[in-house]
Amino acid sequence: MKYMDKVKDFSTRTKANLKLIREEADKVKEGGEGKEAYEVTQLINSMLGLFVFPQQEFYNKIPKTPIKELEQAGWQIPKVDGNYPQAKDLKELARYLRNGISHFNLDFTSSGGHVNGLIIWNKDNGRIGKITWKATLTIKELEDIVSKFTDLLIK
């Protein structure tokens, strides 16, 4: 199937792929028949596609919705670690997540041998700069942000 609108079509397909991987992983976790799938790995791969690829065409269209409004609209807001300031709006949050993912400024957290979260940070000049924002998210919170951001790209 041909891409008619690169950002929208890529985002729609990424969301569908992520859903399939999640369903397979859930089947295996519940003891059913399914293929071994790494849903957190796919989530990070999806974030690379959703936050990094469309940057040139979509970044200027990201609304500057204040963080408080996002929270009131049901968005999961990352919990900032340390004394770093929270992102002021959706555009800045998307930039922080994009930079953290694209520069591999992240660590995984785990419990019981399973990845359960992500620590992600932004540096002012990519990998060599000073940390300007750092947050911890559960996988559920990250999935929620990715889902809502994908919906924004699909609109």
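We number each residue from 1, following the sequence as shown.
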Does [X] pair with [Y] as a salt bridge, N-O distance under 4.0 Å?
X	Y	answer
E23	K19	yes
D144	K140	no
R22	D26	yes
K79	E141	yes

- prompt: Taking atom types as modelled, is there a side-chain donor on T132 or D124 under 3.5 Å from an acceptor on the other?
  reply: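 Note: T132 and D124 side chains miss the donor-acceptor criterion.
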- prompt: Does one side chain, of T65 or D89, offer a donor that lies under 3.5 Å from an acceptor on the other?
  reply: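 The answer is no; no qualifying pair exists.
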How long is the straight-line distance from [atom2] of [Y] back to [atom1] of [X], given to the nearest 0.5 Å?
X	Y	atom1	atom2	result
K88	K64	NZ	NZ	7.0 Å
K61	L153	NZ	CG	10.5 Å
I21	T41	CD1	OG1	9.5 Å
K123	H103	NZ	NE2	10.5 Å
N99	R95	CG	CZ	6.0 Å
N122	L93	CG	CG	10.5 Å

query: Do L118 and D107 pass the side chain to side chain contact (heavy atoms under 4.5 Å, CB included) test, and can you show the C-alpha distance, the side-chain angles, and the key distance before you say yes or no?
result: CA-CA 6 Å; L118 183 75; D107 282 321; over 6 Å; no
Determine whether [X] and [Y] fall in the same hydrophobic cluster, where Ile, Leu, Val, Met, Phe, Trp and Tyr are linked whenever their side-chain heavy atoms lie under 4.5 Å apart.
X	Y	answer
Y84	I77	yes
L20	L48	no
L90	V7	yes
M47	V52	yes

Side chain to side chain contact (heavy atoms under 4.5 Å, CB included) between I44 and L142, intermediate numbers included: CA-CA 9 Å; I44 299 301; L142 193 59; 4.2 Å; yes
Search all heavy atoms of [X] against all heavy atoms of [Y] and return the closest pair with its distance.
X	Y	result
A25	E39	CB-OE1, 3.1 Å
P63	L152	CD-CD2, 4.0 Å
F51	V146	CE1-CG2, 4.3 Å
A94	F149	CB-CE1, 3.9 Å
A135	D81	C-OD2, 3.7 Å
S111	N116	CB-ND2, 3.3 Å

message: Does I131 form a side chain to side chain contact (heavy atoms under 4.5 Å, CB included) with W121? I'd like the steps, not just the answer.
response: CA-CA 7 Å; I131 294 175; W121 58 92; 3.9 Å; yes
message: One pair to check against ring pair (Phe, Tyr, Trp, His ring centres under 6.0 Å): Y96 and W133. What are the steps and the verdict?
response: CA-CA 7 Å; Y96 288 166; W133 178 85; 5.0 Å; yes
message: Check this for me: K15, atom NZ, are more than 12 non-hydrogen atoms of other residues, nucleotides or ligands nearer than 6.0 Å?
response: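 Count over threshold, so yes.
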query: Do other residues, nucleotides or ligands put more than 12 heavy atoms under 6.0 Å from Y38 OH?
result: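 No, OH of Y38 has 12 or fewer neighbouring heavy atoms, counting only those of other groups under 6.0 Å.
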- prompt: Step by step, would you call I119 with K134 a side chain to side chain contact (heavy atoms under 4.5 Å, CB included)?
  reply: CA-CA 7 Å; I119 300 168; K134 184 177 183 180; 3.6 Å; yes
- prompt: Under 3.5 Å, side chain of S110 to main-chain N/O of V115, donor-acceptor pair present?
  reply: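 Checking the backbone N and O of V115 against the side chain of S110, no donor-acceptor pair under 3.5 Å is found.
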- prompt: Distance-only, no hydrogens or angles: does the Q86 side chain make a donor-acceptor pair with backbone N or O of P78 under 3.5 Å?
  reply: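 Yes; judged by distance alone, with no hydrogens or angles, the pair exists.
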F10 side chain near T12 side chain, heavy-atom distance below 4.5 Å: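 They are not in side-chain contact.
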message: With a 4.5 Å cut-off on side-chain heavy atoms, are Q76 and L137 touching?
response: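 No, their side chains stay 4.5 Å or more apart.
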query: For T14, which of L50, T150, N45 qualifies under side-chain contact (heavy atoms from CB on, under 4.5 Å)?
result: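 Only one option passes, and that is L50.
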